[in-house]
Amino acid sequence: MNPAPQSKETIQQALQDSEVRYRRLFEAAQDGILILDAGTGQIIDANPFLLDMLGYSHAQLLGKKLWEIGFFRDRALAEAAFARLQKKGYVRYDNLPLEAKGGQRREVEFVSNLYKVDHQKVIQCNIRDITDRRRLEAKLQQAQKMEVVGQLAGGVAHDYNNILTSTLLQLSLLLEDPNLPDGAKRMLRQLESEAKRAASLTRQLLLFSRQHVIQLKPLDLNVVLANLVDMLRRLLSKDVRLEFQAGSNPLWIDADSNMIEQVVTNLCLNAQDAMAPKGGRLTIDAGLVELDAEAIRVNPEARPGLFVCLAVADTGCGMDTATLKHLFEPFFTTKEVGKGTGLGLSIVYGITNQHGGWVEVASQVGKGSTFRVYLPAVTKALLAKPEFPTLEIRRGKETILLVDDEKTLRDMIGLGLQLYGYRVIEAANGQEATQVWDQHAGEIDLLLTDMRMPGGMTGMELFERFKRTKATLKGIISSGYSEEIMKSQGLMDPGVIFLPKPYDVKVLAGTVRRCLDQAGLHRG
Ligand code: ADP
Ligand code: MG
């Protein structure tokens, strides 16, 4: 059945309604829309979103041609696009740089269509602002790259760490021998210092790859900075004016103070280099910031919440975009051979990450740079656990069950413990340890085990299992991976102490004594 013939008025009304509907879409669209006269290229209309995005008023755009207004910075491109549009009726750019009235650069997706309205040909351009999305993609890519590099560096460093642990242990054992001739002693000392240097390099790599063991404690960043600034003033050249004003409110963070000092020092040394040889102003600032969803929009590493922000700013040479892109990569340096290692900022990056934070950089060539380190704020000032007094390392007679799958390392640790008077029973893995436990549980006072073992059971699980049959058992769990340690720290039994690798015989003996003596010291 045909619809009833419509009157002229109803058709008129329908047209008007449709016009209103279209207008509403145009006004409310969350994309910029520009309407051009297809013949002349003049702007007929622009929606509020576009005006807002680019900072122009309606009057400033009306009647102008695309290439007459600033935001199409490339006039030739705009003219060519218009010519193509006229010919093909459709043009699309995935990534077109535009400039807003104030000079800010915007990246847009630009799609335009040719159509006919009331016998007049018009072009509708839809302009979508993708600046934020682009920035986010770039940052994400950067974060992924750092992750891969970090894994690589961490893997290598972890293996070296084990080798160095065994080397340092053997050296310290040899050096304990009172009958050692002087010449040999000197050489061994030299060897020991070289091995320690290697361990320090390994530690730097682990710092970057976030696998270094860190000891978090609640601390006030203002206090850390106040203490550090004096040292920095002495360290930095006198042409560098270091400005720091300690805030009156405490800035509580859960952090390893040595590492935070390392972060500040590295940033200050870079600032000094950037201002050499003339010198300049170096400002250290710290404060509490609250980040909302808006503030974190352009940085995938950022999270909403309360943060302590540490800013280190200089008036130095600044950085170009190429440098900004690679800055945190290990071994990236623009300094001459022998001057830069390219590890300074990698370490800053790794430490910050490991503290649950991130770094932001703002820099302008010739003007200077500002590095902002964000660290999660601790809202209630948690009371620090009381420290164990540093006792002179005492010997002991207790029995220790030692579990480690690396035989050389196990032998060395065993020797070291015996040197301090302990009785040692060894096992290579969880299964062997369990057999030993079944026979000797009564005699064993302490379990010293690697966290990671072949066979799937972790050192922690082994300890928990044994502890069920003997409540007085003490445990030391050793690992080169901070992550596992951090994870387990929450569930930590008060009888357990973690021992980060590498360590020497004194640290080992000290930790064993401390652990065995714990019962009398810990609260409750
Ligand atoms: P290094 O200082 O050994 O070169 P870093 O990792 O500390 O290694 O820094 C990497 C690079 O980042 C530097 O070589 C330099 O190009 C750039 N950079 C770091 N901090 C600044 C700064 N404050 N101003 C200008 N450039 C900097
Ligand atoms: Mg540096």
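Keep in mind it's a predicted model, so treat the numbers as computed, not measured. Count residues from 1 along the sequence. Remember, it's 1-based here, ligands and their atoms both numbered in the order they're listed.
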When you look at D285 and T283, which way does the side chain to side chain donor-acceptor pair (under 3.5 Å) test go after all the steps? CA-CA 6 Å; D285 250 322; T283 331; over 6 Å; no
With a cut-off of 6.0 Å (strictly less than), are more than 12 heavy atoms of other residues, nucleotides or ligands near [atom1] of [X]?
| X | atom1 | value |
| --- | --- | --- |
| E176 | CD | yes |
| R186 | CZ | no |
| K185 | NZ | yes |
| R281 | CZ | no |

Check whether any heavy atom of [X] sits under 4.0 Å from an atom of ligand 1.
| X | value |
| --- | --- |
| F328 | no |
| G318 | yes |
| D314 | yes |

Can you pull out the closest protein heavy atom to [atom]? Residue, atom name and distance to 0.1 Å, please.
| atom | answer |
| --- | --- |
| atom 4 (O) of ligand 1 | T333 OG1, 2.5 Å |
| atom 12 (O) of ligand 1 | L327 CD1, 3.4 Å |
| atom 10 (C) of ligand 1 | F332 O, 3.3 Å |
| atom 18 (N) of ligand 1 | M319 SD, 3.9 Å |
| atom 20 (N) of ligand 1 | N270 CB, 3.3 Å |
| atom 8 (O) of ligand 1 | G342 CA, 3.2 Å |
| atom 16 (O) of ligand 1 | T334 OG1, 2.4 Å |

Judging by distance only, is a nitrogen or oxygen of C317 under 3.5 angstrom from one on ligand 1?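 It does not: no N or O of C317 is found under 3.5 Å from an N or O of ligand 1.
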Taking distance alone, with no angle check, do K335 and ligand 1 share an N/O pair under 3.5 Å?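 There is such a contact, yes.
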Closer than 2.8 Å to the Mg ion (ligand 2): does that hold for any N, O or S atom in N270?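 Looking at N270, which is the residue asked about, there is an N, O or S atom under 2.8 Å from the Mg ion (ligand 2).
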Donor on one side chain, acceptor on other, E261 and S257, under 3.5 Å: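 Note: E261 and S257 side chains miss the donor-acceptor criterion.
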Would you call K407 and D411 a salt bridge, using N to O less than 4.0 angstrom?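 Counted as a salt bridge, because a side-chain N and a carboxylate O are separated by less than 4.0 Å.
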Taking 4.0 Å as the limit for heavy-atom contacts, which would you say applies to L345 with ligand 1: side chain only, backbone only, both, or neither?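 For L345, backbone and side-chain atoms both sit under 4.0 Å from ligand 1.
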Do the rings of F328 and Y349 sit parallel, tilted or perpendicular, given the 30° and 60° boundaries?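 The arrangement is tilted - the two ring planes meet at 30° to 60°.
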